[in-house]
Amino acid sequence: MSDNPYSTAVLAWYEANARDLPWRAPGASPWSILVSEIMLQQTPVVRVLPAWRAWMERWPTPAHLAEDSPGEAVRMWNRLGYPRRALRLHACATAITGEHGGVVPDDHATLLSLPGVGAYTAAAVASFAFGQRHAILDTNVRRVLARAETGVEYPPKTQTKAEVTLAESLLPPEPSVAARWGVAVMELGALVCTARSPACADCPIAVQCAWTAAGRPAYSGPPRRGQTYAGTDRQARGRLLAVLRDSAEPVAKPALDAVWDDGVQRERALDGLVADGLVDPLEDGRYALPS
DNA sequence: AAGACGTGGTT
DNA sequence: TAACCAAGTCT
């Protein structure tokens, strides 16, 4: 097996154009990289940056976070979105501290067993933190491969086995090179081969791109989007949780009732938050972040 | 396996 | 402006 036809161009492009992100610094700990990966799930880099810095300053190791309550993690998460990630990150810290000697595991399967760590994140940590050879297949890479290899503007809505096979086939044989390749393709997707208006003029592999060769045909598949946000249970949950996050003390029910008019939906959302462990119903009738 | 799950910026 | 998009995971 030899390096794929894009690797040299993509790697060179990355050397010259990579963003200077703190979790990519030479001394970045595996824990700091894991934190960044969880935060970056469905969340833009610019919003993660300040949150990551504050988080790492407060909890520099898994043991530090494990000593605090999950509720503090949720509070610190603030408005990053998908607050279950804060709970899972806290659970990661607890597992790493209690079952792995306080050290972030370097084994893909073990990483995968951690809460909130799926196929992508396990591969990313194993690759970026430990220099291992794993296929990195996030939304950026899927888009780059869809265009460069398959010749279509967007990848399928849900990840296919064919995409995994393709990504694995492109992996350079040398682990350190493969790890570099993984971030490089991601970065290419994030900065050049973007979803909306790709900067094909700046693309290092435009001459080898199947989509460009085909004249960049517009996406012709089914609509790619889901529901709107306003009025959903998700919005209601967000409102409810914000009340608890912004209060130093447990809050009484009326304070929650005040932020969402529809009573049926409000109760459903609150029940959901409790079921998810994001909200703790106290015996005195008040509500609090989990302790 | 389709859908739930936050939030905010951009087009 | 409504829709789309952002380093996914879990059920």
Side-chain angles (χ1 to χ4, degrees), chain A residues 18-19 21-24 28 32-52 74 77-89 91-92 111-129 134-144 153-161 163-164 167 179 182-191 193-198 219 222-245 260 265 268-269 271-273 275-279:
Chain A
R19 287 167 292 181
L21 303 173
W23 46 84
R24 286 181 185 160
S32 77
I33 291 171
L34 174 58
V35 172
S36 78
E37 290 301 338
I38 300 281
M39 286 186 170
L40 286 162
Q41 292 169 2
Q42 301 287 283
T43 306
V45 167
V46 287
R47 289 179 49 210
V48 166
L49 240 17
W52 180 88
V74 172
W77 199 256
N78 197 25
R79 304 186 66 80
L80 256 196
Y82 292 145
R84 289 190 290 196
R85 291 183 293 166
L87 237 33
R88 289 172 181 155
L89 197 43
C92 275
L111 285 164
L112 199 50
S113 74
L114 295 173
V117 176
Y120 161 75
T121 302
V125 173
S127 180
F128 306 156
H134 294 282
I136 301 299
L137 200 54
D138 76 326
T139 187
N140 291 302
V141 177
R142 294 185 65 216
R143 188 174 54 249
V144 171
E153 187 175 16
Y154 297 118
K157 191 180 184 69
T158 54
Q159 186 178 304
T160 64
K161 178 56 186 168
E163 290 181 270
V164 176
V183 249
V185 185
M186 264 202 329
E187 191 76 337
L188 185 63
L191 300 183
C193 194
T194 56
R196 297 287 181 86
S197 39
Y219 176 75
R224 322 181 63 244
R225 211 43 196 171
Q227 61 172 348
T228 52
Y229 181 60
T232 61
D233 284 14
R234 285 155 81 173
Q235 185 182 32
R237 287 166 57 109
R239 289 262 188 88
L240 261 15
L241 197 60
V243 172
L244 298 183
R245 240 185 2 235
W260 198 263
Q265 188 175 32
R268 186 171 64 226
D271 287 348
L273 288 168
D276 288 346
L278 251 8
V279 171

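Residue numbering restarts at 1 for every chain, and letters A, B, ... go by the order of the sequence lines.
Remark: side-chain polar atoms of A/R24 are paired, donor with acceptor, to backbone N or O of A/R19 under 3.5 angstrom. With A/E163 contributing its side chain and A/P155 its backbone, the two residues share no donor-acceptor pair below 3.5 Å.
Taking atom P on both C/dC4 and B/dG3, the two are 15 Å apart, rounded to the nearest angstrom. Nucleotides B/dG6 and C/dT11 have their P atoms positioned 14 Å apart, rounded to a whole Å. Rounded to whole Å, the separation between the P atoms of B/dA4 and C/dA7 comes to 23 Å.
Within 4.0 Å (heavy atoms only), A/W52 reaches no atom of the nucleic acid at all. At the heavy-atom level, A/R84 lies under 4.0 Å from base atoms of the strands shown. At a threshold of 4.0 angstrom between heavy atoms, the contacts of A/R19 include nucleobase atoms, whether or not backbone atoms are also involved. Among the protein residues, A/S36 comes within range of no part of the nucleic acid, since none of its heavy atoms lies under 4.0 Å from any strand. No contact: A/L241 has no heavy atom under 4.0 Å from any strand. Within the nucleic acid shown, A/G118 comes within 4.0 Å of sugar-phosphate atoms alone, with no base atom in reach, counting heavy atoms only. Using a 4.0 Å heavy-atom distance criterion, A/A195 is classed as a sugar-phosphate-only contact.
Of the two residues contacting DNA chain B, namely A/Q41 and A/S197, the nearest-nucleotide position lying further toward the 5' end is that of A/Q41. Toward the 5′ end of DNA chain C lies the nearest nucleotide of A/E37, the other residue of the pair A/V117 and A/E37 mapping further downstream.
Side-chain N/O atoms of A/T194 and A/R143 include no donor and acceptor closer than 3.5 Å. Side-chain N/O atoms of A/Y120 and A/Q41 include no donor and acceptor closer than 3.5 Å. For the residue pair A/Y82 / A/R88, no side-chain donor-acceptor distance below 3.5 Å is found, with atom types taken as modelled.
Between the base of B/dG6 and the side chain of A/T43 there is a donor-acceptor pair shorter than 3.5 Å. Between the side chain of A/R196 and the base of C/dC5, no donor-acceptor pair under 3.5 Å is found. The base of B/dT7 sits within donor-acceptor range of the side chain of A/R47, with an N or O pair under 3.5 Å. Side chain A/R234 to base B/dG6: a donor-acceptor pair is found below 3.5 Å.
Listed pair A/R237 / B/dG6 meets the phosphate criterion, a side-chain N or O lying under 4.0 Å from OP1 or OP2. A sub-4.0 Å separation between OP1 or OP2 of C/dC10 and a side-chain N or O of A/Y82 is absent. Between A/R85 and C/dA7, a side-chain N or O to OP1/OP2 separation shorter than 4.0 Å is absent. Taking only side-chain nitrogens and oxygens, A/R245 comes nearer than 4.0 Å to OP1 or OP2 of B/dT7. Between A/Q42 and C/dA6, a side-chain N or O to OP1/OP2 separation shorter than 4.0 Å is absent.
Summarising the geometry, the separation between CG on A/L114 and C1' on C/dT9 is reported as 13 Å, rounded to the nearest angstrom. The separation between A/L34 atom CG and C/dA7 atom P is 18 Å, rounded to whole Å.
When each of B/dG6, C/dA7, C/dC5 is scored by its nearest atom to the side-chain atoms of A/Y229, the top-ranked nucleotide is B/dG6. Side-chain proximity of A/L21 to the nucleotides B/dG6, C/dG8, C/dA7 is greatest for C/dA7. Among the nucleotides C/dA7, B/dG6, B/dC5, the one closest to any side-chain atom of A/E187 is C/dA7.
In this structure, A/R245 and A/W77 have side chains that are not in contact, with every pair of non-hydrogen atoms separated by 4.5 Å or more.
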